[in-house]
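Read the numbers this way: they start at 1 and go in the same order the structure lists the ligands and their atoms. Owing to the predicted nature of the structure, the values given are computational and were not obtained by experimental measurement.
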Amino acid sequence: MTEHPAQITDALPEHWPTAPAAEPVRPWWLPWPIAVLAAPLLWILPKRMGPHFAAVRWPGIIAAHLLWTLYGVACICLGVTAPQYSWIAWFGRESADIPAYAQMTFSQTARAPVAQVVWELCREASFGGGWGTPGFPEIGSVVDLLLWVAVVAGTEISLVIPALLLMPYIAAGERTRQLLIRSIKITLLSTTVVFPVSLVLQCAVIWINPSFDDGVSFTLVTALGCVWFCWVWIRAGMRYPGPAEGPGWEPRKALCENCGYSLTGQQVSGRCPECGRPVSYSLPSSRHPTPMAAARDRVAAVTAFLLTYLAVLVKGDFFKRIAVHAEFEASRRFAIWSSIVFVPLAILITVLCIRPTAEWEEITVNLPLGSSRELLESICMSAATWAFTTIGLLLILGGTVLACTWFGWKPIRPRAVVVFFWSVWLTPLYAAVCAATVIVMVMSRSDALARCVDLGRFGNIEWFILLAPVPFIILLVPTLLLSARRLLQGSRQTRFANA
Ligand SMILES: [Zn+2]
């Protein structure tokens, strides 16, 4: 057993005391038919049920995905084309004014979505008698059908992309291959929320639509569905089922944090034999938790979030002093919150930038004209946009982690910590784009810039066209370089981190 790092006074040990990356959960054995039937439990209790579902074997995962997801998609189609046969209409059949002969039974309602899809496909294929035989589909429509099947197959295969991008959010310390397999399994299971979402959509079609625009309620339901998917997905992956094997559980060697040279046997008061940096600089005790990880309750967490947000922007050595290996959960929470906060911040920045210009007048003059219905619709659309932007940012951050892992060093977890905290830099980047756009808008009204300049054999060109890229170059390029530099710096400063 090695000494606790705080008590090390003389020679450094070979390995630091192990602090496990994540405590593995012992998964229940779920036979596949039960996993298929129990999928609704995952929609409401993803964190509790996630590890047990992720340990189900492939046939169960695929069966649950195909059954719930495809049936859910069929329910969406039915809700759009013939809502009177949907589940929601069946539940409200007592109150509706339907003659007895037209009322659907339970089993008819259950079969209706599938029947409707098959009916649409048959119509698509127009079994009118190709090749001179009645009842045989025409060649053109067979191609259409095959195309349709190809689209479905392509959509299924493209689910690997969100699985890849969301992978860094559930990294427990296992090997990347195992992580990818678990990620794909959780993605296939999380898509089963399509079924409850389709029921919500049927509700929207039957009850809300008379007072609403089609597009608005569809967009809102889709946005809510995507948020629900992400919530189920990330929470289902939070606990790790499986053996404690992989880079997260390997003992960490005592390395120089500057150059990666092994410091085993070196005196605490000495210097690194390779680069000459004091050994005390590389002790785990020189790294501390961020305010975000140290916060104990929700009120403290808000202050801690703001402090961490500012620290990432202002402190150049932020990553040099954080205890990377213990920060994963805190950094994930931080990334999710900073993505949620991004849209209100972006609106604030836009308002601050546009206020001094004439466009502000136009926007504020047009605002109070709408009726209460239009106002409600625009609120719904803004909420949907907010949800989509937040999810988009989370996916971008996931992609950035993968890029950093690909170009740099192997384990995903420490890279994810750096990128998740670095996510703050998306706000200055947005502010630079916004400010540059406003400057260009002001420039476009200037008479002086509308004059032409003679460029010899290139012909005449307006000053405005020549000068329009300048604000972008002056504002965006330095911000982009600075944020990229901070990301690389963060990766370098955590590469050999001992804590
Ligand atoms: Zn060194």
For R485, is the CZ atom crowded, meaning more than 12 foreign heavy atoms sit under 6.0 Å from it? no
Between T192 and T69, is there a side-chain donor-acceptor contact under 3.5 Å, judged purely by atom types and distance? no
Would T350 and Y430 count as having a side-chain donor-acceptor pair, cut-off 3.5 Å? yes
Run through the protein N/O/S atoms less than 2.8 Å from the Zn ion (ligand 1) and write them out by chain and number. C256 SG, C259 SG, C272 SG, C275 SG
Decide if the gap between the ring center of W337 and the ring center of F305 is smaller than 6.0 angstrom. no
Are Y240 and W249 close enough that their ring centres sit under 6.0 Å apart? yes
Have a look at I412 and tell me which of V417, I170, V401 forms a side chain to side chain contact (heavy atoms under 4.5 Å, CB included) with it. V401
